[in-house]
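Here is the structure we will look at.
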Amino acid sequence: MSKANKPQASLVNPFDDAKEVEFSVPGQASYSPGLYEENLKKGYELIQRPRKAAGVRNIERQHAKKRMTIWERLSVLTDEDPTVLFQNWGKNLDGASIVTAIVKINGRDVAVYGHDFTVRAGSMDATNGKKLARLFELAGKRRIPLVGMNDSAGAFVPAGVGGLDGYAEAFTALRKISGVVPSIMCMFGFNAGGGSYLPRQGSFLIQPNETFFGLTGPGVVKSVLGEDVTADELGGPGVHSQSGVTDFVVPDEVSALRKVKELLNYIPDNNATLAPFQETSDPVDRKTWDIDILLKKAFNSPSGFNTPLDISIMIQQLCDHGDFLEIQPDRARNTVTALGRMGGNVVGFVANNSAVGSGQIDIDAALKNARFIRFCNLYNIPVIFMEDTTGFRPGKDQESGGIVQAGRAMLDAIIDLRTPRFLVIVRNAYGGAYASYNNYPTGADFVCALPSTRAAVMGPAGVEFVYKRELQEIRATVKQKLTAGESQADVAAWQAGEEAKLKDRYEEELMNPNEALSLGSISQIVMPSDLREVLCKNMEFHLKHYTPEPFAGPQREFH
């Protein structure tokens, strides 16, 4: 078959018997179109134009890249027709490469924007910036969440500085509603420059596999630095999920949009409301026997109280029906940040995870915690801290990387936290980590401890300071025994036994919750099987007497 005779692809349904739209009025006796109907036809075509502007070829190209069109993405987000704002501007479809709309998601009004890559590669001009800015202002004014679907080649080069003005206007408007309404951003396709800055202003960022975003693409890196790098190595989800730029990595676009709907289920409309309450059939007094089993198996093992354990198992046991959503699950696994529900109320969790690096707090963990705590503070979400850490991570790389500043950011976020805030001490709570981790002096509303708690200024190394005189005597005796001719093996065994006794004495006298309980640093000891009931009932009380409202008071210098 010759190329000329080859059938052309078409999206037209041959079985569709759609007729040309008539602009008659129901019940009208006669219909004779004239000048008025011609204007109605032109208006109707303008209304439909953004949906049809792409054409068959551009839609096929989008599908060939395993990407949906903006209209297909909207259909995944909502079953209802979106209320499209500013349908298109300008004789050359200026502004049509951005679609802005109000949609219903699970019954809630949500402001949505999305780049239409099939029109001018979703590029940005001054008109686009105005459209986005107006949407952001509307979301802030009407106090509804914002969802962004980013798929843009960046600024529209022929628009000149207008494209940059468009980005600047959008940046400014989005910043002004930050902390007023939450926003969720999806990264689709290949985004660069301002197309990366804008979505990272959002509260959460979701990135599917096989996508890229960054300040510059691989070509620019090659021309400027002479460095060969793939798009995935430069700005793929594996890179951004480790740095904290991306909060969630998902397999594909549909998964990303489903994650949007899941996340919306846990966050409020704005900073003056609580997150949605959800009735639950999971009793608040349900016994958490699995926590008991977890701790029993861990601490009765050969490594005893030094056994690592996965704190996410405990979070699962505390939440209604074990359901929770972990934030930044691929980054800094030595800490877990998550949203869940207890007794129907949304609760944030910040938990040391001893299964990774003894739960020590390093730079990434501190910054991950700080960002999450600040979000909860802004949007009236109570937080439960679960402590099991041997302290801040030491080392040259941590100090040179700014662990002091990162740890300070976490402490600042904790001190500023005004929502109901609890602390559960699971096991280790030592030194500066204890002092900065939501205890009563830093503002906690309720502090409890499991019987496995080991709270002290220092961990086992503290033996050297507390029993310094006794250790000196043991080591002096070792010299005397060796001088007296006793075998080195026997002396070493005796020394190890004596030092072990001091270690046991240290743990019995100081590494336990007794002193903290007597000083009022801990309100009560809770049995592991009763933990959900105690936390649920205390949380219900505090939320009943908490008024959700915008964050007030001075904004501190560091955040």
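The model shown is predicted, which means the values in this text are computed figures rather than measured ones. Atoms considered below: every heavy atom in the structure, side chains included; atoms not considered: hydrogens, waters and symmetry mates.
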Classify the side-chain pair [X]/[Y] by whether it contains a donor and acceptor separated by less than 3.5 Å.
{"X": "Ser152", "Y": "Asn191", "answer": "no"}
{"X": "Tyr167", "Y": "Asn128", "answer": "no"}
{"X": "Asp310", "Y": "Ser312", "answer": "yes"}
{"X": "Gln328", "Y": "Asp247", "answer": "yes"}
{"X": "Ser281", "Y": "His321", "answer": "yes"}

Heavy atoms from other residues, nucleotides or ligands near [atom1] of [X] exceed 12 (cutoff 6.0 Å):
{"X": "Arg108", "atom1": "CZ", "answer": "yes"}
{"X": "Glu533", "atom1": "CD", "answer": "yes"}
{"X": "Lys65", "atom1": "NZ", "answer": "yes"}
{"X": "Tyr197", "atom1": "OH", "answer": "no"}

Tell me whether [X] is salt-bridged to [Y], with the criterion being a basic N under 4.0 Å from an acidic carboxylate O.
{"X": "Glu45", "Y": "Lys42", "value": "no"}
{"X": "Asp364", "Y": "Arg331", "value": "yes"}
{"X": "Glu326", "Y": "Arg333", "value": "yes"}

For Lys222, all residues meeting salt bridge (charged side-chain N to carboxylate O under 4.0 Å, His left out), sequence neighbours excluded =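 Only Asp228 meet the salt bridge (charged side-chain N to carboxylate O under 4.0 Å, His left out) criterion with Lys222.
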Close aromatic pair by centroid cut-off 6.0 Å: Phe385 and Phe422 |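 That pair fails the under 6.0 Å test.
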Within the 6.0 Å centroid threshold, strictly below: Phe213 and Phe190 =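 For Phe213 and Phe190, the ring centres are not under 6.0 Å apart.
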For residues Pro420 and Leu543, report the shortest heavy-atom separation together with the two atoms involved.
->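 Smallest heavy-atom distance, with atoms named: CG-CD2, 4.1 Å.
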Of all the heavy-atom pairs spanning Pro237 and Asn209, show the shortest one and how long it is.
->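 Between these two residues, the closest heavy atoms are CG-OD1, 3.7 Å.
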Can you check salt bridge (charged side-chain N to carboxylate O under 4.0 Å, His left out) on Arg532 and Asp320, steps first, answer last?
-> CA-CA 9 Å; Arg532 172 176 162 85; Asp320 295 346; 2.9 Å; yes
Student check: side-chain heavy atoms of Ile361 and Met410 closer than 4.5 Å |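 The answer is yes; the side chains approach within 4.5 Å.
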Within the side chain of Asn380, is there an N or O that forms a donor-acceptor pair under 3.5 Å with the backbone of Glu549?
->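 Flag set: sc Asn380 to bb Glu549 pair under 3.5 Å.
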Are Arg418 and Phe551 in a cation-pi setup, meaning NZ or CZ lies under 6.0 angstrom from the ring centre and within 45 degrees of the ring axis?
->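 Pair Arg418/Phe551 does not count as cation-pi.
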Report yes or no: is the cationic atom of Arg67 (NZ for Lys, CZ for Arg) closer than 6.0 Å to the six-membered ring centre of Phe117, at no more than 45° off its axis?
->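 Geometry flag: set, cation within 6.0 Å and 45°.
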Return a table of donor-acceptor pairs under 3.5 angstrom between the side chains of residues 77-84 and protein atoms on other chains or two or more places apart.
from  : atom 1 : to     : atom 2 : distance (Å)
Thr78 : OG1    : Glu80  : N      : 3.1
Thr78 : OG1    : Lys104 : O      : 2.7

With sequence neighbours left out, write down each residue that passes side-chain contact (heavy atoms from CB on, under 4.5 Å) with Leu138, or none if nothing qualifies.
->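 With sequence neighbours excluded, Leu138 shows a side-chain contact (heavy atoms from CB on, under 4.5 Å) to Leu85, Ile102, Arg142, given in chain and number order.
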Step-by-step side-chain hydrogen bond (donor to acceptor under 3.5 Å, both in side chains) determination, Arg120 to Ser123 = CA-CA 6 Å; Arg120 217 178 57 198; Ser123 56; 3.1 Å; yes
Decide yes or no on side-chain hydrogen bond (donor to acceptor under 3.5 Å, both in side chains) for Gln62 and Asp151, but give the supporting numbers first.
-> CA-CA 11 Å; Gln62 186 77 344; Asp151 187 1; 3.1 Å; yes
Parallel, tilted or perpendicular, as decided by the 30° and 60° cut-offs, for the rings of Tyr113 and His115 |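 The arrangement is perpendicular - the two ring planes meet at more than 60°.
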Supply the atom-to-atom distance Asp290 CG to Leu294 CG, rounded to the nearest 0.5 angstrom.
->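 Answer for the CG-CG pair, Asp290 versus Leu294, is 8.5 Å.
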Candidate pair Asp116 and Thr118, rule side-chain hydrogen bond (donor to acceptor under 3.5 Å, both in side chains), full reasoning | CA-CA 5 Å; Asp116 188 349; Thr118 63; 2.4 Å; yes
